[in-house]
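Just so it is clear: chains get the letters A, B, ... in the order the sequence lines come, proteins before strands, and each one is counted from 1.
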Amino acid sequence: MHYITVRVEGFDPQKLLSLCLKEGVALWNIRIYGNLEMTLKIEAKDLKKFMRIKGNRYRVTVLSEKGLKPLLYRALSNKIALIGVALFIFLIYFQSLFISEIRIYGYKSYTEREIREKLTVAGLYEGCSKSIDFDKVEIEMYKQFDDLSWIGIDLKGNLAEVTIVEGTKPIPIIDKEQPCHIVAVKEGYIEKTIAREGKEVVEKGDFVKEGDLLITGIIPIEDKTYTQDPENPELRFVHSDGEVFAKTIYRFVYYQEKEELHKDLTGREMPGFSFRIGDFTFNSANIFRPFDSTIYEERVLINSIRPFPMEFATNKQKEVKLRKETKDYKDIEKRAKQQLREAIKENIPESAQILNNSLKFSEEENIIEVVIMVEALEEIGKKIIFTPAIESEEGQSELGETTD
Amino acid sequence: MFIKDELIYDFSINMPRILVGGKTGILDNVKKIVLISGNNVVVSCGRKYISVSGRDLIVRQLSEERMFISGDIDNIEFFGSRE
């Protein structure tokens with residue numbers, strides 16, 4: 001809409017208003033100043049009609065114009081502002097042509113840095129054009145990572161979200177013709193040996209160390225038809241195959257604090273706010289610290305990366321009173337059992353069978369030492385390929401490629 | 001109100017009709033403005049007249065036989081010949 005505010009000067013303003021009413025000219029905000037002057041607002045399209053109605057009896061002065069049309073006229077008449085707006089729009093458009101941020105999800109064994117480096121080689125990096133072929137990047141990533149099960153690149157504005165799914169490590173192809181031994185990968189007491197190929201060299205109850213031979217791939221040929229040289233027996237080299245189970249012992253040491261720290265809320269709190277624009281951050285909680293001990297709670301209200309990284313959050317510093325309480329035995333035991341479960345999960349392979357475990361507590365000045373012993377039954381055999389020629393000549397194995 | 005009275009009210013196009021609430025007054029069937037100032041507005045509705053007096057009166061809108069007045073309204077009077 002386009003409105004014009006005018007000042008009308010002349011005798012009998014009511015006559016002019018009556019005429020406008022009769023002619024269907026809509027008027028707004030009629031203010032009367034004395035007997036001779038009034039101001040009113042009129043639609044631009046009615047101005048011509050209004051001027052005809054008022055004739056020569058009244059003097060009309062335009063005071064101001066408001067609405068979309070005059071705003072556009074004003075904006076278009078300012079060349080410098082126009083250039084500025086055009087430049088701004090161009091900059092916004094230009095920066096939208098590039099990828100400003102890459103987020104990577106789903107990695108486990110690889111580090112984010114490794115993946116970023118490979119993505120850069122594949123052509124996806126912060127600052128690259130958005131028009132690059134993502135299929136090519138994905139194919140390149142599959143080439144660079146052998147155990148990559150799936151990779152997906154999702155573009156959200158200027159943000160590229162890369163989701164990867166890591167697969168299991170590729171199983172090395174074992175040459176079944178190549179002779180090999182089976183050796184221990186860790187120490188333990190032999191429980192069961194199943195030799196499908198090769199000859200067992202350990203018995204149940206034997207203690208073996210890492211690297212000890214469990215199933216040998218060298219089998220002497222016992223031929224009773226011909227006499228053999230006892231110093232140089234005829235040997236046969238086989239690709240050993242089988243499973244060797246052993247009881248392994250794991251020992252973990254954990255520490256617990258004797259006293260537990262409790263935080264009791266006093267009910268007093270200090271509200272604040274924080275914001276981050278680009279690299280600049282401000283947090284009122286860093287300046288105003290009215291309490292000695294507090295719990296800090298933050299609630300993010302705005303978090304955007306476009307057109308520039310920005311975050312706004314409100315926070316609360318809640319005053320707490322610290323109280324130390326000595327733990328009772330039940331709590332210590334409960335925590336120790338939790339530590340035991342964590343230790344098993346982190347250090348013992350999933351395929352291992354837990355046979356027994358024990359906890360031992362010893363008190364020191366301020367801490368409690370928890371010694372966890374776990375007995376597990378697991379397979380400890382690992383194939384080691386050897387070269388028969390060297391083996392037969394030198395009588396010891398030449399360690400070559402190892403396979404699980 | 002009976003239907004007859006309601007119909008008369010609705011179709012009385014030459015009779016004054018005013019709705020006042022708070023600092024706002026809406027005058028209907030306005031045919032002519034007789035007198036207008038910051039303290040007094042007198043309009044003709046055909047057969048009768050309405051006078052609205054008060055302080056700082058502003059006509060917010062004037063169109064299609066309707067006048068929208070705002071300000072401190074103190075007094076409303078009706079003038080005209082007895083029928």
**Q.** Over 12 foreign heavy atoms within 6.0 Å of CG, B:Asp5
**A.** yes
Q.
Does atom NZ (B:Lys32) have a neighbourhood of more than 12 heavy atoms from anything else shown, all under 6.0 Å?
A. no
Q | Shortest non-hydrogen contact from B:Glu65 toward A:Leu21 | A |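 Looks like N-CD1, 4.0 Å.
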**Q.** Distance (rounded to the nearest 0.5 Å) between A:Met38 CE and B:Ser37 OG
**A.**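 The distance works out to 12.5 Å.
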Q) How many angstroms lie between atom CG of B:Leu35 and atom CD of A:Gln14, to the nearest 0.5 angstrom? A)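 Rounded to the nearest 0.5 Å, the CG-CD separation comes out at 6.0 Å.
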Q. Roughly how far, to the nearest 0.5 Å, is CG of A:Asp12 from CD1 of B:Ile33?
A. 12.5 Å
**Q.** Validation row: B:Leu62, A:Ile30 side chains within 4.5 angstrom (heavy atoms)
**A.**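 The answer is yes; the side chains approach within 4.5 Å.
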Q) So which part of B:Val34 gets closer than 4.5 Å to some heavy atom of chain A, the side chain, the backbone, both or neither? A)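 Just the backbone, heavy atoms under 4.5 Å.
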(Q) Looking at A:Lys130, I'd like to know if its NZ atom is crowded, meaning that more than 12 non-hydrogen atoms belonging to other residues, nucleotides or ligands lie closer than 6.0 Å. (A)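 Correct, the count exceeds 12.
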Q.
Let's go through A:Asn29 and B:Arg60 carefully: what are the C-alpha distance in whole Å and the side-chain angles of both, what is the deciding distance for side chain to side chain contact (heavy atoms under 4.5 Å, CB included) to 0.1 Å, and is it a yes or a no?
A. CA-CA 4 Å; A:Asn29 290 354; B:Arg60 288 274 168 221; 3.1 Å; yes
Q.
Could you check whether atom CG of A:Asp154 has more than 12 heavy atoms from other residues, nucleotides or ligands sitting under 6.0 Å from it?
A. yes
Q | Heavy-atom contact with chain B under 4.5 Å, split by part of A:Leu17 | A | both
Q | Spacing of CD1 belonging to B:Ile36 relative to CG belonging to A:Leu16, to within rounding of 0.5 Å | A | 10.5 Å
Q.
Is it the case that atom CZ in A:Arg323 sees more than 12 heavy atoms from other parts of the structure closer than 6.0 Å?
A.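 Correct, the count exceeds 12.
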Q | Greater than 12 external heavy atoms within 6.0 Å of A:Leu76's CG | A | yes
Q: Flag yes if more than 12 heavy atoms outside A:Asn35 fall under 6.0 Å of its CG atom; otherwise flag no.
A: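 Result for CG/A:Asn35: open.
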